[in-house]
Amino acid sequence: MSKILIADDSQFMRGILKDIVEGAGHTAVEAENGTQVLEKLVSESPDLVLLDIIMPELDGFGVLQQQGQQAKFIVISAVGQEKMVQEARAIGALDYITKPFEASAVIAAINKALE
Ligand SMILES: [Mg+2]
């Protein structure tokens, strides 16, 4: 069992991802903007972050640039342009899932990141 930080400004999306994460036997914590992600990397020490890109205050790219490799990151974003996927991977995202997604794709990416 791992602790997974769900970072998305949409409460609805956090709820969907929380069900997937908890259904896979992991513990879920949540953040609704990039500033909260950076705070919770320290206070919660998550093993993995499911990271939205478009969020208020600090976006997902800002988080990837400022995080100190304290956790692993999977981006889950509605924006799936190849340039953004490559940029996210270049600054530390292990995987990049586009919305809408299948739960099985999220679980597969989590399992791969945590193996
Ligand atoms: Mg968003």
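In listed order, ligands and their atoms are each counted from 1.
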Salt bridge (Lys or Arg N to Asp or Glu O under 4.0 Å) partners for Lys99, two or more places apart:
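Expected list: Asp8, Asp52.
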
Check the pair Lys18 / Glu30 against side-chain contact (heavy atoms from CB on, under 4.5 Å), numbers first and verdict last.
CA-CA 8 Å; Lys18 187 172 189 233; Glu30 298 180 36; 3.3 Å; yes

Check for me, please, whether Leu94 and Val63 land in the same ILVMFWY cluster - side-chain distances under 4.5 Å, paths through other members count.
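In one cluster with Leu94: Val63, no.
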
Sorted by chain and residue number, which protein N/O/S atoms are under 2.8 Å from the Mg ion (ligand 1)?
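Less than 2.8 Å away from the Mg ion (ligand 1) sit Asp9 OD1, Asp52 OD2, Ile54 O.
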
For Ile6, does its backbone N or O pair with a side-chain atom of Arg14 as donor and acceptor, under 3.5 Å?
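Absent.
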
Run through Leu38, Val37, Asn33 and flag the one making a side chain to side chain contact (heavy atoms under 4.5 Å, CB included) with Leu58.
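Answer after filtering Leu38, Val37, Asn33: Leu38.
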
Check this for me: Glu82, atom CD, are more than 12 non-hydrogen atoms of other residues, nucleotides or ligands nearer than 6.0 Å?
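It does: Glu82 CD has more than 12 such atoms within range.
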
